[in-house]
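One structure is given below, encoded as structure tokens.
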Amino acid sequence: MNVAEMAELDDSIATMMDIARQNGLDFYPMRFEVCPADILYTFGAYGMPTRFHHWSFGKVFHRMRLEYDFGLSRIYELVINSDPCYAFLLDGNTLLQNKTVCAHVLAHCDFFKNNATFRNTSRDMVERMASSADRIRQYELQYGRDAVEAFLDAGLACQEHIDPSTYGRMQRRRWWEGRYQEQRGMAHDDSLRQRPKRSPYDDLWELDDSGNASRNEATDVGRPRFALPQKDILLFLIEHSPALKSWERDILSILREEMLYFWPQLETKIMNEGWATYWHLRIMRELDLTPEDAIEFAKMHSGVVLPSRTSINPYHLGLAIWESIEKRWDAPAKEGERRIPLEGGGGRAKMFEVREMENDISFLRNYLTKELVEELDLYLYQKVGADWKVVETDWEKVRDSICASRVNGGIPVLYVEDADLNQNGELLLQHAYEGVELDLRHLEKTLPHVHRLWGRTCHLKTVVEGREVLFSCDGKRVQRKFM
Amino acid sequence: MTTNTEFSLSREDWSLHRKGHQDQERHQEKVKQAIKDNLADIISDEGIILRDGQQIVKVPIRSLDEYRIRYNFNKNKQAGSGNGDSQVGDVVASGKPADASGKGGQGAGDGQGVDYYEAGVSLEEIEEMLFAELALPNLARKSAEQVTAEDVEFRDVRKIGLSGNIDKRRTLLEAIRRSSRSGDEGVSIRKDDLRYKTWEERDLPDSNAVVFALMDTSGSMGLFEKYAARTFFFWMVRFLRTKYETVQIRYIAHHTEAKEVSEEHFFTKGESGGTICSSAYELALQLAEAEYPADHYNLYPVHFSDGDNLTSDNDKCIQLVRELCNRSQMFAYAEVNQYQRNSTLMSAYSKLRHPTFRTAMIREKADVYKALRTFFSPAPGEGKLA
């Protein structure tokens with residue numbers, strides 16, 4: 001990108017933003033940064049420019065960098081869910097590629113700003129991560145790099161097990177309030193919970209009494225000491241682990257906060273990429289392109305939506321679903337589709353509604369139709385002997401299986417089931433088995449990390465070959481026991 | 001460039017941003033450390049011993065995975081999309097399908113990674129790490145006497161010298177050149193054309209090592225036993241080559257009788273029958289006496305056996321081993337004993353005390369590394385010499 005190209009890009013961004021706004025896209029102020037490949041790949045590996053240091057990011061960076069150097073794959077851009085929205089463009093891209101990328105990014109930003117899943121994400125995460133990274137750096141100076149690194153290893157192994165759901169938050173709050181009331185000898189009564197508060201700081205005044213109040217531990221009897229079962233394992237460890245020092249708790253909180261921030265992106269990958277692809281197509285079509293540019297754009301776009309025989313390309317599937325929604329609501333079939341108003345013409349409106357209300361699972365369940373599955377030739381494959389073979393082409397089974405693979409962002413669901421197993425303070429995690437087995441080698445290597453965070457024997461219950469199995473780690477070795 | 005509040009487009013100087021490189025370096029450090037920690041497994045890996053001239057070996061490093069609770073990829077149904085008419089039973093891929101990597105997006109990575117991290121390591125790097133831990137035992141005795149020999153070598157040509165050493169060819173060449181330069185007809189040799197060969201005195205390190213590889217090839221020696229022996233000899237010879245100019249290996253196979261065999265025969269052919277180890281020791285002694293005088297060669301007899309020797313032969317063995325020990329830098333006895341059998345030979349040798357005599361027990365692959373470290377460490381009371 002030379003100076004003239006930068007100036008031209010500047011102009012066309014202004015044009016594209018106008019086009020986007022006319023079409024109803026609503027985004028934060030944009031900060032586009034053109035940076036060299038090294039930097040873009042660093043950001044890609046860390047997920048955020050300001051994130052803390054860890055060797056695993058270095059490993060990802062190295063791999064991505066190699067793939068770029070060998071021309072195997074390339075990242076065109078990196079966009080950050082923040083206000084203002086930062087987008088990093090690759091210096092090595094051609095002008096036209098960067099134009100496309102800008103159009104793509106505008107739609108991402110619209111999605112971040114308006115999709116319900118993202119409602120609770122912090123929009124100042126760039127700064128937050130920078131200050132967290134500073135704190136971790138301080139801990140390194142204070143407690144030694146190896147100690148902090150080893151702790152991060154353990155924390156990162158468990159970081160995916162959080163609970164971003166509103167339901168989980170409500171349950172946890174209820175438990176804490178119940179405990180709070182009992183400590184004061186108050187009846188556990190839901191009507192008390194409804195008591196209006198005069199200001200948000202009332203609970204601070206009540207802290208004064210807590211020293212004097214006769215803390216009757218006996219009332220704890222008969223009432224669970226922990227809010228169980230709890231899906232937010234990271235939070236459970238932060239609140240209840242007997243083994244953690246305060247700096248370790250802080251690091252876990254950092255990891256949890258960052259995971260909560262990234263989580264909606266896991267839950268809306270197909271929608272979000274499809275939405276951005278849909279819009280870069282529309283916006284680029286509005287620009288005056290020379291024939292050469294038009295061909296270059298077509299090449300780039302088709303590279304992005306290239307389907308794969310062994311995986312789902314979110315750009316490809318997402319775009320197809322969005323376009324099908326538009327078509328079906330614009331010109332509804334005469335009969336059969338009873339949910340669609342027959343007068344038609346509501347394509348765009350419907351799309352904006354979906355973009356606001358849904359996530360990948362509901363998106364796939366509601367809008368991946370029989371026609372789409374057949375048109376895209378989606379299938380399920382599985383290892384049969386040494387080969388991977390197609391085992392299912394029935395559209396409902398294919399759709400359900402893709403939906404299932406998106407549950408919990410594609411990460412196995414675990415619960416804290418008991419934190420005082422054998423009356424010995426042992427931790428029991430339960431895998432919510434729904435037909436897909438866990439990777440046992442990884443499981444056996446992860447349990448010691450959980451042990452590091454809990455400090456006592458940890459167990460994990462799952463199902464292998466149709467039988468319940470209990471994996472236990474006492475800090476030295478991992479054993480498995482069929483139930 | 002723009003100072004618009006709605007958007008800005010800028011290009012900063014990122015040259016001081018080294019974060020990715022720093023963490024990459026830390027990762028490499030950890031890879032190195034992991035290789036060091038896993039040397040025992042790595043050096044007994046088939047891939048290295050049987051590699052065909054490749055200098056880079058892929059070493060699986062298991063401790064560097066980022067472990068997570070995740071689904072079993074192999075037992076799971078995956079979705080894909082075909083060209084339009086995929087049928088049940090179509091083969092999608094053979095072996096493991098490629099990584100699900102689309103255009104890298106933001107957020108935490110969610111692709112299924114490879115099963116373990118493979119680091120490309122050059123053989124030299126492994127050697128460097130391995131050999132840093134090894135030392136030649138009992139070297140003191142020899143080094144004092146004669147580690148170098150003087151040698152005379154003609155390798156220079158000068159204008160002045162002894163007439164007996166005239167280099168006729170170069171002299172003639174000079175004469176021809178000079179004549180054609182000055183346009184003379186015919187060739188005459190002048191004093192200026194004369195060239196003499198001259199010699200230099202050189203100190204040649206006189207360091208030759210001979211390894212006597214003795215192995216039991218009786219029926220009880222199976223694949224694993226031979227593999228352990230082969231791995232051991234591979235690294236041992238490589239190690240000795242870093243210390244000596246030349247290293248020869250003589251292979252002696254034995255059951256009830258001993259004979260010298262080729263390398264291929266040594267490692268691949270098995271024979272049946274009982275075991276009389278003394279036969280091999282006798283042959284080794286004969287060879288040493290006949291071909292390898294003790295003041296010119298460093299002897300390293302190494303014997304691999306499963307320890308199942310004829311009991312009546314044990315006393316003779318001890319006596320012969322003592323004799324071999326006297327002549328050698330080190331005599332090593334490695335017993336490959338996978339199943340913890342009671343061994344007659346090891347118990348017999350346990351009473352033998354000699355400064356150059358060493359034993360090791362190999363129960364699993366990784367013990368080859370332990371054996372190397374046992375054999376190639378300074379003798380007790382001896383400083384680190386290597």
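Protein chains get the first letters and strands the later ones, always in sequence-line order, with residue 1 at the start of each. Please read these numbers as outputs of a predicted model, since none were measured by experiment.
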- prompt: Can you name the nearest heavy-atom pair linking B:G80 to A:I312, along with the distance?
  reply: N-CD1, 4.3 Å

Flag if over 12 foreign heavy atoms under 6.0 Å of CG, A:N2: yes

query: Relative to chain B, which segment of A:Y86 carries a heavy atom at a distance below 4.5 Å: side chain, backbone, both, or neither?
result: neither

message: For a 4.5 angstrom cut-off between non-hydrogen side-chain atoms, does A:L156 reach B:E66?
response: no

- request: Taking atom types as modelled, find out whether A:Y46 and B:D23 have a side-chain donor-acceptor pair closer than 3.5 angstrom.
  value: yes

- prompt: When rounded to the nearest 0.5 angstrom, what is the spacing between CD in B:Q24 and CG in A:L66?
  reply: 7.5 Å

task: Please look at A:L443 and chain B and tell me whether the side chain, the backbone, both or neither of the residue comes under 4.5 angstrom of a heavy atom of that chain.
output: both

Side-chain heavy atoms of A:H62 within contact of B:Q28, under 4.5 Å: yes

task: Side chain from CB out, backbone as N, CA, C, O: work out which of these in A:P84 comes under 4.5 Å of a heavy atom of chain B, or both, or neither.
output: neither

query: If you tally heavy-atom pairs under 4.5 Å against chain B, which of A:E374, A:E375, A:R309 wins?
result: A:R309

task: Take A:E33 and B:W14, measure what side-chain contact (heavy atoms from CB on, under 4.5 Å) needs, and give me the verdict at the end.
output: CA-CA 11 Å; A:E33 297 256 2; B:W14 290 98; 3.9 Å; yes

message: side-chain contact (heavy atoms from CB on, under 4.5 Å) for A:L429 and B:I69? Distances and angles first, verdict last.
response: CA-CA 12 Å; A:L429 304 179; B:I69 303 287; over 6 Å; no

message: Quick check on A:F43 against chain B: is it the side chain, the backbone, both or neither that has a heavy atom closer than 4.5 Å?
response: side chain

task: Identify which part of A:S308 has an atom lying under 4.5 Å from any heavy atom of chain B, answering side chain, backbone, both or neither.
output: backbone

statement: If one checks every heavy atom of A:L306 against chain B at 4.5 Å, the contacting part turns out to be neither

- request: Run the numbers on A:W388 and B:F73 for ring-ring contact (aromatic ring centres under 6.0 Å, His included), then give the verdict.
  value: CA-CA 12 Å; A:W388 297 78; B:F73 189 73; 5.6 Å; yes

- request: Counting only heavy atoms closer than 4.5 Å, note whether A:H54 contacts chain B via side chain, backbone, both or neither.
  value: backbone

task: With a 4.5 angstrom heavy-atom cut-off, could you sort out which part of A:I39 is near chain B: side chain, backbone, both or neither?
output: side chain

query: For B:Y71 and A:L438, what are the C-alpha separation, side-chain angles and deciding distance, and is it a side-chain contact (heavy atoms from CB on, under 4.5 Å)?
result: CA-CA 4 Å; B:Y71 288 123; A:L438 300 181; 4.1 Å; yes

- request: Please determine if B:K77 and A:E392 form a salt bridge, counting it only when a charged side-chain N lies under 4.0 Å from a carboxylate O.
  value: no

Region of A:T446 in contact with chain B, defined by heavy-atom distances below 4.5 Å: both

message: Does atom CD (B:E364) have a neighbourhood of more than 12 heavy atoms from anything else shown, all under 6.0 Å?
response: yes

task: For the pair A:F32 and B:F7, name the ring-plane relationship: parallel under 30°, tilted 30 to 60°, perpendicular over 60°.
output: perpendicular

message: Under 4.5 Å from any heavy atom of chain B, what part of A:M17 do you find: side chain, backbone, both or neither?
response: side chain

- prompt: Who among A:T462, A:T42, A:V34 has the most heavy-atom pairs with chain B under 4.5 Å?
  reply: A:V34

- request: Measure the NZ-CG distance between A:K389 and B:D90 for me, rounded to the nearest 0.5 Å.
  value: 10.0 Å

query: When you check the gap from the basic side-chain N to the acidic O, do A:D10 and B:R11 get nearer than 4.0 Å?
result: no

field: Beyond-backbone contact of A:R145 with B:R26, side-chain heavy atoms, under 4.5 angstrom
entry: yes

Chain B contact via A:E444 - which portion, at a heavy-atom distance below 4.5 Å: neither

Separation between NZ of B:K19 and CZ of A:F57, rounded to the nearest 0.5 Å: 8.5 Å

- line: Turns out that what part of B:E29 lies under 4.5 Å from chain A's heavy atoms comes down to side chain

- request: Look at the side chain of A:D377 and the backbone N and O of B:S86, then say whether any donor-acceptor pair between them is shorter than 3.5 Å.
  value: yes

message: Looking only at heavy atoms and a cut-off of under 4.5 Å, which of A:L9, A:L89, A:L380 has the most pairs with chain B?
response: A:L380

- request: Side chain from CB out, backbone as N, CA, C, O: work out which of these in A:V413 comes under 4.5 Å of a heavy atom of chain B, or both, or neither.
  value: backbone

task: Tell me, for A:R399 versus chain B, whether the close heavy atoms (under 4.5 Å) come from the side chain, the backbone, both or neither.
output: neither

query: Which region of A:D91, side chain (C-beta onward) or backbone (N, CA, C, O), has a non-hydrogen atom less than 4.5 Å from a non-hydrogen atom of chain B, or is it both or neither?
result: side chain

- request: Under the side-chain contact (heavy atoms from CB on, under 4.5 Å) rule, what do A:L440 and B:N72 come out as? Steps first, then yes or no, please.
  value: CA-CA 7 Å; A:L440 299 185; B:N72 187 337; 5.8 Å; no

statement: Value for NE2 (A:H449) from CZ (B:R68), rounded to nearest 0.5 Å, stands at 8.5 Å

